[in-house]
There are 2 protein chains.
Amino acid sequence: MFAIGTVERDTGISRDTLRIWERRYGFPTPERNDKGERVYSAEQIQRLQRIRRLLDQGLRPGKVVPLEDEALNKLANTLHDVLLSPGDIDPAHTRLIDLASCGDIPALNTALEQALAREGLSSFVLDTFAPLTKAVGELWAAGRLQIFEEHILTRQLVRFLDVAMSRVGHPPGNPEVLLGTLPGEQHALGLLMAEALLINSGRATLNLGTDVPLDEIVTAAERSGVSTVALSFSGCCTRNTIRDDLEELVERLPPTVCIWIGGDGVRRLRRLPPSVEIMSLESI
Amino acid sequence: MFAIGTVERDTGISRDTLRIWERRYGFPTPERNDKGERVYSAEQIQRLQRIRRLLDQGLRPGKVVPLEDEALNKLANTLHDVLLSPGDIDPAHTRLIDLASCGDIPALNTALEQALAREGLSSFVLDTFAPLTKAVGELWAAGRLQIFEEHILTRQLVRFLDVAMSRVGHPPGNPEVLLGTLPGEQHALGLLMAEALLINSGRATLNLGTDVPLDEIVTAAERSGVSTVALSFSGCCTRNTIRDDLEELVERLPPTVCIWIGGDGVRRLRRLPPSVEIMSLESI
DNA sequence: AGCATTTTTTGTCCTAGACAAAATAAATTT
DNA sequence: AAATTTATTTTGTCTAGGACAAAAAATGCT
């Protein structure tokens with residue numbers, strides 16, 4: 001039996017949210033210890049983790065949290081089918097995905113090395129690495145990967161691209177493009193792929209990584225004298241403040257700096273501030 | 001101005017604790033927005049981060065939190081002097097630190113490459129990389145680095161070690177040591193250094209990275225069949241529950257698995273559960 | 001269909017008190 | 001004097017139910 005702090009830690013759902021779900025939706029239903037504190041069973045924690053996965057897919061708590069086990073199973077299966085429809089997966093990548101999902105890291109690395117050697121960095125990133133990244137995300141969303149498996153895979157993919165980039169070497173001169181994600185956005189792979197393509201075409205980059213406060217991006221852009229700031233927005237980041245953030249950026253950056261945005265999250269954006277440009281990996 | 005949730009995230013001090021410090025010690029003293037919610041200034045956050053560092057050194061909240069700026073400075077300086085006595089800084093690393101703090105990434109990389117070639121991976125990690133990591137942390141704590149500079153530096157250091165490890169290659173066979181940090185702990189460099197030393201001595205590793213839920217560590221350890229689980233706790237790791245976490249781990253892991261812990265955060269631990277061992281990088 | 005406005009949903013924050021685990025101080029025994 | 005036990009202080013986590021605004025969905029309007 002686990003205390004609410006433990007549950008928060010293991011599910012990523014805050015105490016406040018756990019308590020308010022209990023009040024509003026009747027789940028979870030922890031027992032109480034002699035102190036009167038909530039204690040959660042392992043089963044409830046597991047169900048909370050499943051619920052979290054569904055929420056990350058964009059489902060709403062009111063439609064998911066109150067569900068009985070059966071309905072929850074059904075919903076998870078439906079989503080699984082939709083995300084992993086057979087047509088989506090290129091057979092050429094099936095082996096890579098299999099290696100990824102069974103956790104055979106050395107074999108995965110070897111296969112990636114071969115693909116890289118065969119295709120060259122640019123084609124490799126566009127045709128092999130990016131689809132693989134997407135497949136991992138879908139497997140994770142479908143619950144076919146444990147959290148730790150996804151951790152390991154992402155780490156390996158990051159590492160692989162880092163190594164590939166180091167072979168190309170850092171282009172000389174001052175950086176031209178600054179890369180980063182805004183706070184709340186933890187997905188680094190999009191940035192890395194963009195960086196690899198830029199470096200491969202001889203343009204020096206400055207990668208700030210994920211979760212960078214807006215004013216730090218401004219400061220870094222000014223100090224480094226880049227001509228472009230590239231931001232990545234993943235699909236699961238649904239913040240409606242993207243537009244506000246972009247407007248603030250446009251206002252605070254030097255007028256000569258142009259802004260690229262990319263990632264699955266930009267598709268839902270409609271009107272964009274001027275000097276903001278949607279970029280895909282292909283167009284780099 | 002920042003909300004309490006942001007402060008919790010940026011300082012690692014929980015909301016509850018922030019509120020109760022305010023009540024008990026008269027610090028922090030956030031203002032209120034029109035909703036009546038606490039809003040913290042950047043200065044207060046910075047002071048909270050300094051306080052946290054002092055607490056991580058083993059000082060008690062009651063002796064530190066209520067202090068005025070002056071007394072806090074004095075205390076910090078005393079401790080700083082103890083930590084960074086002049087003999088501690090190897091002149092050979094001064095140049096690396098300078099390159100790091102002025103943001104000249106290519107030059108830093110070159111210098112690191114030279115040191116690596118000269119010393120070999122193990123000595124390099126122990127004698128050059130680890131002190132450099134520490135120095136970056138000190139610079140950051142002393143406010144001599146912007147956030148984005150620290151982001152970039154850390155990224156570069158991670159990348160450099162990843163590349164160095166990839167040259168050694170992944171040892172064959174099943175992984176022996178699983179590495180990771182518990183939720184809330186974002187510092188990956190300690191893990192990476194340990195991994196580099198392990199790989200260099202021919203032991204296969206499985207690095208889960210940072211912020212891994214405890215039960216995922218258990219699952220991963222069971223599935224991968226490792227003989228050792230290595231955890232890193234940085235000095236600024238605020239969770240006071242390290243011992244609880246360790247006890248839970250001991251209980252849930254197979255009895256044959258032994259646990260290594262390392263990092264600046266383990267110093268304040270006194271009694272440890274059996275089968276938990278404090279490891280330094282040197283002893284790997 | 002595209003856009004603006006209303007309604008519902010949802011997570012974060014509030015207060016102030018209770019309590020046990022950890023750390024320290026004090027008392028006792030070896 | 002050192003070690004062990006007991007008392008006291010310190011400290012962080014948890015409780016309750018209400019309030020509120022941001023986000024999402026639903027509705028109305030070109």
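The structure displayed is predicted, hence computed values, not measured ones. All chains are named by letter (A, B, ...) in the order of the sequence lines, taking the proteins before the strands, and each is independently numbered beginning at 1.
In this structure A:Arg52 satisfies the salt bridge (Lys or Arg N to Asp or Glu O under 4.0 Å) test together with A:Asp56, sequence neighbours excluded.
Contacts with DNA chain D (heavy atom under 4.0 Å) in residues 18-27 of chain B: B:Ile20, B:Trp21, B:Arg24, B:Tyr25, listed by number. Proximity of residues 38-51 of chain A to DNA chain D (heavy atom under 4.0 angstrom from any strand atom) is restricted to A:Arg38.
As a whole-Å value, the separation of A:Phe2 CZ from D:dT13 P is 19 Å. Whole-Å rounding puts the A:Arg60 CZ to C:dT8 P distance at 13 Å. Protein atom CZ of A:Arg32 is 12 Å distant from nucleotide atom P of D:dC14, rounded to whole Å. A:Arg15 has its CZ atom 13 Å from the P atom of D:dG12, to the nearest Å. For A:Asp16 and D:dA19, the CG to P distance is 16 Å, given to the nearest whole Å. In this structure, CG of A:Asn33 is placed 10 Å from P of C:dA21, rounded to the nearest angstrom. B:Lys35 has its NZ atom 9 Å from the P atom of C:dC14, to the nearest Å. One atom, CG of A:Leu59, and another, P of C:dT9, lie 16 Å apart when rounded to the nearest Å.
Using a 4.5 Å heavy-atom cutoff, the side chains of B:Leu214 and B:Arg252 are in contact. At least one side-chain heavy atom of B:Phe27 sits less than 4.5 Å from a side-chain heavy atom of B:Leu48. When side chains are defined from C-beta on, A:Phe2 does not count as touching A:Asp10, because their heavy atoms never get closer than 4.5 Å. You'll find the side chain of A:Ser232 stays beyond 4.5 Å of the side chain of A:Leu179, heavy atoms only.
Among A:Thr11, A:Thr17, A:Asp16, the one residue that satisfies the side-chain hydrogen bond (donor to acceptor under 3.5 Å, both in side chains) test with A:Ser14 is A:Thr17.
Ranked by how close their nearest DNA chain D nucleotide is to the 5' end, B:Thr17 and B:Asp34 are led by B:Thr17. Taking the nucleotide of DNA chain C with the nearest heavy atom to each of B:Ala3 and A:Gly62, the more 5' of the two is matched to A:Gly62.
Remark: side-chain polar atoms of B:Gln44 are not paired, donor with acceptor, to backbone N or O of B:Val39 under 3.5 angstrom. Using modelled atom types, one side-chain atom of B:Glu216 and one backbone atom of A:Phe148 make a donor-acceptor pair closer than 3.5 Å.
Minimum atom distance to the side chain of B:Ile4 is reached by C:dC14, of the listed C:dC14, C:dT12, D:dT15.
For A:Gln46, the CD atom sits in a loose shell: 12 or fewer heavy atoms of surrounding residues, nucleotides or ligands are nearer than 6.0 Å.
The phosphate of D:dG12 has neither OP1 nor OP2 within less than 4.0 Å of any side-chain N or O from B:Ser14.
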